[in-house]
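The figures here come from the full heavy-atom set of this structure, side chains too, leaving out hydrogens, waters and symmetry mates.
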Amino acid sequence: MPHSQRGTFITFEGIDGSGKSTQARLLADHLRALGRDVVLTREPGGSPGAEEIRALVLQGDPDRWSAETEILLFTAARRDHLERTINPALAAGKIVICDRFADSTRMYQGLSRGDLRATVDQLHTLMIGREPDLTVLIDMDPDTGHARAKSRQTAEERFEDFGTELQARMRAGFLALAQEFPDRFRTINGAGAIDTVAAEVARTVTPNLSSFG
Ligand code: ADP
Ligand code: TYD
């Protein structure tokens with residue numbers, strides 16, 4: 001796997017409630033137990049400035065922002081996260097595990113309200129210019145994912161309030177994205193028990209780790 005730095009950059013993607021946060025945390029625990037230096041982070045957020053943007057994009061009415069404005073906000077948050085958290089950790093040879101990254105913008109802003117994928121990709125090229133070394137897609141049926149996400153009871157429900165129809169389109173979009181970038185995507189069935197999925201994630205990720213990290 002090509003590296004422009006010493007560390008390894010792993011992202012988790014999938015619809016809301018698919019188990020990304022749970023699995024990202026368990027993978028971090030697993031790799032730390034093996035003695036690896038791991039930074040566990042998330043988007044939107046992962047740096048103080050990006051966490052402030054997180055509150056702007058995830059709370060409030062579903063129509064609070066247009067899709068175009070959201071592309072700018074998520075990309076601004078990502079740029080800060082990259083500069084302050086991700087790049088320094090990779091340069092230091094660490095494994096960075098990130099709960100969502102640019103593929104989420106390609107899906108949620110790129111497909112949810114018209115076809116803005118090209119705009120997302122252009123801004124990504126201009127301002128981010130980096131893809132993960134490995135992306136774990138947790139595939140999950142939208143009704144189960146929605147029920148799991150709703151059971152969490154948080155204020156960050158702007159996207160969950162778009163409903164299961166959106167999640168169904170996001171699921172199909174993520175599976176198509178995995179076909180578009182087969183070198184870095186690995187798709188895992190999220191329907192099993194937490195430990196079963198975690199074992200599958202560990203089996204998938206471990207052979208792809210750099211010898212540094
Ligand atoms: P995401 O980050 O993809 O939204 P989470 O990891 O936060 O998903 O999981 C959503 C909810 O579902 C949490 O309450 C979590 O404990 C639960 N959960 C996660 N994975 C499973 C699983 N494999 N089986 C049952 N419940 C799960
Ligand atoms: P997250 O906290 O990962 O939610 P969940 O745990 O429910 O999956 O992300 C919150 C929401 O932000 C999620 O509905 C997807 C959305 N999102 C975007 O729309 N664009 C993006 O670029 C990112 C990173 C997230």
Problem set entry | Residue pair L209, I10: steps toward the side-chain contact (heavy atoms from CB on, under 4.5 Å) verdict | CA-CA 9 Å; L209 293 176; I10 301 168; 3.9 Å; yes
For this session: Determine, stepwise, if the pair W65 / L56 fulfils side-chain contact (heavy atoms from CB on, under 4.5 Å).
Result: CA-CA 9 Å; W65 309 108; L56 292 176; 4.2 Å; yes
Problem set entry | side-chain contact (heavy atoms from CB on, under 4.5 Å) evaluation trace for H146 with D16 | CA-CA 7 Å; H146 192 66; D16 297 347; over 6 Å; no
Exercise. Run the side-chain contact (heavy atoms from CB on, under 4.5 Å) check on V205 and L27 step by step: do they pass?
Worked result: CA-CA 9 Å; V205 167; L27 179 65; 4.0 Å; yes
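Atom CG of L90 sits about 8.0 Å away from atom OG1 of T8, to the nearest 0.5 Å. In this structure, I97 CD1 and I86 CD1 are separated by 12.0 Å, a value rounded to the nearest 0.5 Å. In this structure, M107 CE and R100 CZ are separated by 11.0 Å, a value rounded to the nearest 0.5 Å. From R186, atom CZ reaches atom OG1 of T204 across 8.0 Å, with rounding to the nearest 0.5 Å. Here SG of C98 is found 8.0 Å from CD of E13. Values are rounded to the nearest 0.5 Å.
Counting only N and O atoms by type, the side chains of R184 and T135 include a donor and acceptor under 3.5 Å apart. Side-chain contact of D99 with S21: a donor-acceptor pair under 3.5 Å is present, judged by distance alone. Side-chain contact annotation: D103 with Y108, donor-acceptor N/O pair under 3.5 Å absent.
Residues passing the salt bridge (Lys or Arg N to Asp or Glu O under 4.0 Å) test with R79 are E83, sequence neighbours excluded. Shown here are the side chain to side chain contact (heavy atoms under 4.5 Å, CB included) partners of R25, two or more places apart in sequence or in another chain: T22, D29, L40. Residues that satisfy the side-chain hydrogen bond (donor to acceptor under 3.5 Å, both in side chains) test with H30, not counting sequence neighbours, are absent from this structure. Partners of E180 under the side-chain hydrogen bond (donor to acceptor under 3.5 Å, both in side chains) rule, at least two apart in sequence or in another chain, are R117. With sequence neighbours excluded, the residues that form a side chain to side chain contact (heavy atoms under 4.5 Å, CB included) with T75 are I71, L123, M127, I128. Taking T206 as the reference, nothing meets the side-chain hydrogen bond (donor to acceptor under 3.5 Å, both in side chains) condition, with sequence neighbours excluded. Taking the ring-ring contact (aromatic ring centres under 6.0 Å, His included) definition, one finds that F101 meets it with F9, sequence neighbours left out. The side chain to side chain contact (heavy atoms under 4.5 Å, CB included) test applied to T144 returns M140, D141, R148, not counting sequence neighbours. For D139, the salt bridge (Lys or Arg N to Asp or Glu O under 4.0 Å) criterion is met by R171, not counting sequence neighbours. A search for side chain to side chain contact (heavy atoms under 4.5 Å, CB included) contacts involving I53 returns L73, A76, A77, not counting sequence neighbours.
Not one N or O on the side chain of E70 forms a donor-acceptor pair closer than 3.5 Å with the backbone of Q109. Between the side chain of R113 and the backbone N or O of G110, no donor-acceptor pair lies under 3.5 Å. Looking at R169, its side chain does come within 3.5 Å of a backbone N or O of L111 through a donor-acceptor pair. A donor-acceptor pair is defined here as one N or O able to donate and one able to accept, closer than 3.5 Å; such a pair exists between the side chain of S18 and the backbone of I15.
Hydrophobic clustering, with ILVMFWY side chains joined whenever heavy atoms are under 4.5 angstrom apart, keeps V197 apart from L26. Taking hydrophobic clusters as Ile, Leu, Val, Met, Phe, Trp and Tyr residues chained together by side-chain heavy-atom distances below 4.5 Å, V136 does not share a cluster with I194.
A heavy-atom distance below 4.5 Å is not found between the side chains of K94 and V38. Proximity of F174 to T187: side-chain heavy atoms (C-beta onward) are nowhere separated by under 4.5 Å. Between R130 and L82 there is a side-chain heavy-atom pair separated by less than 4.5 Å. Residues E68 and L116 have side chains in contact (heavy-atom distance under 4.5 Å, counting atoms from C-beta outward).
Sorted by first then second residue, the side chain to side chain donor-acceptor pair (under 3.5 Å) pairs that include residues 38-53, not counting sequence neighbours, are T41-H81, R42-E51, E43-R78, E43-H81, S47-D80. Sorted by first and then second residue, the pairs that involve residues 191-202 and meet side chain to side chain donor-acceptor pair (under 3.5 Å), not counting sequence neighbours, are E200-R203.
Contact between L166 and S112 at its shortest, heavy atoms only, is CD1-CB, 3.4 Å. Considering all non-hydrogen atoms of both residues, G45 and A50 come closest at O-CB, 3.4 Å. Closest heavy-atom contact between G7 and D133: O-OD2, 4.1 Å. Between F74 and P44, the shortest heavy-atom distance links the atoms CE2-CG, 3.6 Å. The shortest non-hydrogen separation linking S66 to T69 is OG-OG1, 2.9 Å.
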